[in-house]
Structure formats: C-alpha cells, structure tokens
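Down below is the structure, laid out as structure tokens.
Only heavy atoms go into these numbers, but all of them, side chains included; no hydrogens, no water, no symmetry mates. Along the sequence shown, the residues carry numbers beginning at 1. Start at 1 and go down the list; that is how both ligands and their atoms are numbered.
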Amino acid sequence: MPIAVVREVSPSIAQCELTHVDRQPIDFDRATAQHDEYVRALESLGYRAIRLPALVGHPDAVFVEDCAVVVDEVAVITRPGAASRMGEVASIADALRPHRNLAFIEAPATLDGGDVLRAGRLVRIGRTARTNDEGIAQLRTILEPFGYDVGPAELTGCLHLKTAVTSVAPGILLVNRAWVDPSQFPGFDFVDVDPSEPFAANALLVGDALVLSSAFPRTRARLEARGIHVTTVDATELAKAEGGVTCCSLLFD
Ligand code: GLY
C-alpha cells in the first residue's frame, strides 16, 4: 500500500513563516480539523498515513513536503531555506529511513521540497529565496544518475515553484502564468488557473486522482472540463500559513 507521511499541525502555527501573504489569525482547532480531513482524503485514495507528532517549536512543520524529495530510488533530505525550519528535517529522515536509502542536501546549499516539481522523469527546481543554486546543483547530482532530467526553473511573486505550477495528469501541468512562464516546460499541455484563484495552481496528484482546495471551484471546473477527476478538501486555514495541498504530505509507494 502506498504511504503518505504527514505531520500533525503545530500549536505554534500562528508564528509560521510568511513571505507573500499577509498575516491573519489562524484557528488551531480549525487547522487541525482541516488537516484531519486532508489525511482522510489521502487514506480514501488508498494511502497508509504515517502520522508524525507535531513539533511544538516548529510552526511550519506540518508542511512536510519541504523536508524531503522522495523518488523510487532515494529519499533526499533537504536543507530548508528558512532558518526556523532547519530543525524539522531530522525526524523526517527518521521516518523515511525504513523506506528508502537517504541522501542529504549539505550546507551551503538550501532547498525546499516545495520548489521541486516532478512529472515523470522530469524534475524542475525553482530558484527562490528558499532554494539556492547550490541546492539545485546538489539535487541534480543526486538524481541524475537515476535517469532524471533535472534543471532549474524561474518564478516570481510566490513562495515555491509548486505554488505556481503542479503536475495534474500525465503530460498536463496546472499553471498560474502570472508567477511562472510555462515555456520553461516544453512538451506539456497546460490548464490555467482561473484568474480569480491565483493559489489554485497548487494541486496534489494522488495516483489518478487530484486533490485541490475547495476554495478554487472555478479552477476545479477547468480541470474537470479536461477530464481530470478532482477531490476537494477544505484547506483554507492552512492557506493562511502559506501552505497548500502538496505541502502537507510526502507520498511514495
Ligand atoms: N509558511 C510556510 C513556509 O514559509 O515555509
């Protein structure tokens, strides 16, 4: 059975890092309930959830995606670009060790998993405030021997590459062109987010299904018009912490 590594919401989530969104009050109970709904959605799609306990001193630790890049051959433990997040990775390494050989991004590199877009053997890495050139180079050195086509991607105006573009079906990317130029992904077809829903580009492909926040009904309609089956979850409280649906899990077989 495929696995979803998730982590309970930290009681300190209100002190999360914010880069491109304004700080608003975050209701911890509501965030926790939404996270539970998200994990149940993954379970209903056939995944076994490994639920890690909250890290009280790490407000952003629910966003486990940033701490590792997991492919069939290896789990790469990242070095997150926000100093407040670097202490999240040790427990992620412990959780992944039984399932994969581990590789590590080392200083001076920084790399957030949210900047790593994978579509088949293609891996594109956002060059951002969180992920530097050395991080891109180290991930390329680790993944290229396994046959991945690894390279950088440029974006602007949002936190991570996967805030701006995600893989939603074989050969199809969901994109917000205001934040990323799709010409960087030749050979793909695109679904554009509805202009009123800029954060909708963060969707989570789970097998043949796609998990999307229920806050984005217009983009959902665009995806369904392309024949993509969409499962929605309420992720509005975690969105106030600048996190989306990809951020809250590490999925692997
Ligand atoms: N609040 C999510 C992050 O900045 O990593």
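- Residues satisfying the side chain to side chain contact (heavy atoms under 4.5 Å, CB included) criterion with D189, sequence neighbours excluded, are I172, R226.
- When non-hydrogen atoms are compared, ligand 1 lies under 4.0 Å from the side chain of L159 (C-beta onward) but not from its backbone.
- Using the six-membered ring where Trp is involved, F188 and F185 have ring planes that are perpendicular, over 60° apart on the 30 and 60° scheme.
- Side-chain N or O atoms of E197 include one that pairs as donor or acceptor with a backbone N or O of T219 at under 3.5 Å.
- By heavy-atom distance, the residue among E17, R85, Q15, H20 lying nearest atom 5 (O) of ligand 1 is R85.
- Counting only heavy atoms of the protein, atom 4 (O) of ligand 1 lies nearest to R130 NH2, 2.6 Å.
- Partners of S214 under the side chain to side chain contact (heavy atoms under 4.5 Å, CB included) rule, at least two apart in sequence or in another chain, are T232, D234.
- The closest heavy-atom contact to atom 1 (N) of ligand 1, among the options C16, A241, C247, comes from A241.
- Considering both main-chain and side-chain atoms, D60 comes within under 3.5 Å of ligand 1 through a nitrogen or oxygen pair.
- Smallest separation of non-hydrogen atoms from N132 and P108: ND2-O, 3.0 Å.
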